[in-house]
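Every chain is numbered from 1, with letters handed out A, B, ... down the list of sequences.
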Amino acid sequence: MAVIKGRDISFSYGSGKKTLDHASIRAEAGELIALLGCNGCGKSTLVRHLNALLPLQKGELRVAGLDARAQANCWRLRRQCGMVFQNPDNQFVSSVVEEDIAFGLENYETPEEEIPTRVRAALAAVGMSGFEKRAPHLLSGGQKQRVALAGVLALNPDIIVFDEVTAMLDPQGRREVLGIIDRLRAGGKKTLVMITHYVEEAVMADRVYLMAGGNVTAQGSPRDILTDAALLAQNGLLAPLPVRMYEDLKAAGVPLERCPLTNEELVEELCRFA
Amino acid sequence: MPFCLEEVSFTYAAGTPLAVQALRGVSLRMEAGEVLGVMGHTGCGKSTLIQLLAGLLVPTHGRVLLDGQDINAPGCDRAALRARVGLVFQYPECQLFEITVAKDVTFGLKHSGLSPAQKEERVRAALETVGFSYERMGAQSPLALSGGEKRRVAIAGVLAARPEILIFDEPIAGLDPMGRERFLALVRRLNAQGTSIVLVSHNADALAQCADRLLVLKDGCVALEGTAEQVFADVEAARRLQVDVSTPRALGQMLTQRGVAVPAGAVTYEGLLSVLKERFCAGGNP
Ligand SMILES: Nc1ncnc2c1ncn2[C@@H]1O[C@H](COP(=O)(O)OP(=O)(O)OP(=O)(O)O)[C@@H](O)[C@H]1O
Ligand SMILES: Nc1ncnc2c1ncn2[C@@H]1O[C@H](COP(=O)(O)OP(=O)(O)O)[C@@H](O)[C@H]1O
Ligand SMILES: [Mg+2]
Ligand SMILES: [Mg+2]
């Protein structure tokens, strides 16, 4: 069942320029999709439609069964589709972790007696139990992003959008956050959308979408899309390092056979050949 | 030009119960024309270090010397320091506040004494350097830009002043892959023109490509220092300091463990490619 079904979405911030131009996107229940594209191609603009941060101007969009055109659905969409952003430092309203998560729940009129349980469950889900009383600004980058995600999870959304959530993180923070995303995916209960400029991260997705100039230009399995260096170049993107290495070695006359998608696969292929 | 930290310590909220010691006795000497990469886990003190270099924070202990002068000494010319040292912040949105991109990029030229025409020329050149056209981008509101576009405008704003020392805090975060390559090419070009550059980044691949020397901080101290080849030689040691080695170096180690020996010095894409070509191309195959 499609949880996100968007067709021919066009959008302009004003000024006449079309930021989205007939963009179509679809995600099935429980899948993780990755959205790749250059700076300014419209990724964030597209996902801001999913939770009605931006109004649908043209096209069709249904999210979790709700029609995004209906103004009346705005509030429910915002709750059904949570978002985590790039900057770990400006996503908090309170100086205590548990209060920050409770704040979102109160906003959505959660019965008061439920709040403590849900705060604890959300922190447990991101591996941050025990951090209830801590100050968000004193946590590491990865921990901040996990708390921000807990704030979203507490509302029990069907869909979670990650807009470049690892961009500012150190290697450990990145692994922590990617690990949580992978765990959520394995749980199969949430539909996940991930925007990233690191093609290696898109490898973990079930499906990859490419965007360019306000359009969704291609979609397919990570292997089909990410090993197609020409397609990526057409969209202003760079293939993952193992793919480039494979292409360059082949061009130099090394008769490799299978195009690798990951570092491990590249090593396999080279060792097989050695 | 030598830029030095002498036994610098820094404590936020010193003397209060909330005091946090961010740097502990850090010494550092940077030569003219050098590209210095700084790595380390979150909270290790990278942003603190470069704010001290830029004169935005004053050491709790120790001194920051530029050309042998203590930049925090009472007589030191702050305006001159700001003109010589440009800093691009970690979060570009913190740096953009004017109503148009052109005004924003011009802001740093306020006290430059340049004529309006000269300023416009500078702004035009700076925007072009980051891949934007003055005509198309100049009149836009900075708030109406995508994340990566904001970062590029913030970089242009600092370039316009043509400082002799440029400091970037996580400049690559949020840039698309081509933008990343363009930025690294820009670093090399500016460096070739004589600019000294400090690059704070978690991106080991990028640092391996363009830093002459790397500094790894851990818990407010310098834990490791050397060329990328030296710092990434011991993959386990780097991991213990919570930094990644570059992807080519990690691949080299994986291959070596599987019996395809790759020297530890192959830390860049080109380096690894040429080793593999040598080994696998006709004639080189054992
Ligand atoms: N609030 C806004 N008002 C006007 N124009 C905007 C606004 N936000 C974004 N834009 C423009 O719309 C285009 C798409 O922006 P968007 O933020 O969707 O890009 P993106 O694909 O997320 O890019 P990035 O990778 O840099 O985050 C850009 O050209 C940007 O300048
Ligand atoms: N404005 C501030 N007030 C109090 N503590 C701070 C402030 N800025 C940073 N710190 C603390 O100082 C230490 C170093 O921080 P920072 O220099 O930002 O590290 P990095 O840039 O390497 O992530 C961390 O423990 C951090 O929490
Ligand atoms: Mg974006
Ligand atoms: Mg920092």
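Chosen from M178(B), R152(B), Q242(B), the residue pairing most often with chain A at heavy-atom distances under 4.5 Å is M178(B). Interface remark: of the candidates P255(A), A167(A), P171(A), P171(A) forms the most heavy-atom pairs closer than 4.5 Å to chain B. Each of C271(A), G141(A), G14(A) has some count of heavy-atom pairs under 4.5 Å with chain B, and the biggest count is that of C271(A).
Near-neighbour residues of residues 235-251 of chain A relative to chain B, defined by a heavy atom under 4.5 Å from a heavy atom of that chain, comprise G236(A), L237(A), L238(A), L241(A), R244(A), M245(A), D248(A), L249(A). Annotation: residues 263-276 of chain B contacts chain A through Y269(B), L272(B), L273(B), L276(B) [non-hydrogen atoms, separation under 4.5 Å].
E164(A) is linked by a salt bridge (Lys or Arg N to Asp or Glu O under 4.0 Å) to nothing, counting only residues two or more places apart in sequence or in another chain. For E201(A), the side-chain hydrogen bond (donor to acceptor under 3.5 Å, both in side chains) criterion is met by T166(A), R174(A), T196(A), not counting sequence neighbours.
Scanning both residues, M168(A) and A173(B), for their nearest heavy atoms gives SD-CB, 3.5 Å. Contact between Y91(B) and P88(A) at its shortest, heavy atoms only, is OH-CD, 3.6 Å. Between D176(B) and N39(A), the shortest heavy-atom contact is OD2-N, 2.7 Å.
Neither the backbone nor the side chain of E200(A) has a heavy atom closer than 4.5 Å to any heavy atom of chain B. Interface residue S146(B): only side-chain heavy atoms are found under 4.5 Å from chain A. Both the backbone and the side chain of S140(A) come within less than 4.5 Å of a heavy atom in chain B. E181(B) touches chain A through its side chain: at least one heavy atom from C-beta onward sits under 4.5 Å away, while N, CA, C and O do not. For L169(A), the part lying under 4.5 angstrom from a heavy atom of chain B is the backbone only. Within the 4.5 angstrom heavy-atom criterion, atoms from both the backbone and the side chain of L175(B) approach chain A.
Under a cut-off of 6.0 angstrom, the local environment of CZ in R258(A) is sparse, with at most 12 non-hydrogen atoms contributed by other residues, nucleotides or ligands. Atom CZ of R272(A) has more than 12 heavy atoms from other residues, nucleotides or ligands within 6.0 Å. Remark: K103(B) NZ is loosely packed, at most 12 non-hydrogen atoms of other residues, nucleotides or ligands lying under 6.0 Å away.
In this structure, CD in E268(A) is found 8.5 Å from CE in M254(B), a value given to the nearest 0.5 Å. Note: Q172(A) CD to R239(B) CZ = 12.5 Å, rounded to the nearest 0.5 Å. Here L139(A) contributes atom CG and T42(B) contributes atom OG1; the two are 10.0 Å apart, rounded to the nearest 0.5 Å.
Taking a cutoff of 4.0 Å between a charged side-chain nitrogen and a carboxylate oxygen, D170(A) and K46(B) do not qualify as a salt bridge.
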Requested in this report: Could you go through the side chain to side chain contact (heavy atoms under 4.5 Å, CB included) check for V260(B) and L270(A) one step at a time?
Outcome: CA-CA 8 Å; V260(B) 179; L270(A) 289 169; 5.8 Å; no
Query raised in the report: Checking side chain to side chain contact (heavy atoms under 4.5 Å, CB included) for the pair L251(B)/E264(A): CA distance, chi angles, key distance, verdict?
Result: CA-CA 8 Å; L251(B) 278 165; E264(A) 289 72 20; over 6 Å; no
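Taking the ring axis of F273(A) as reference, the NZ or CZ atom of R279(B) does not stay both within 45° of it and closer than 6.0 Å to the ring centre.
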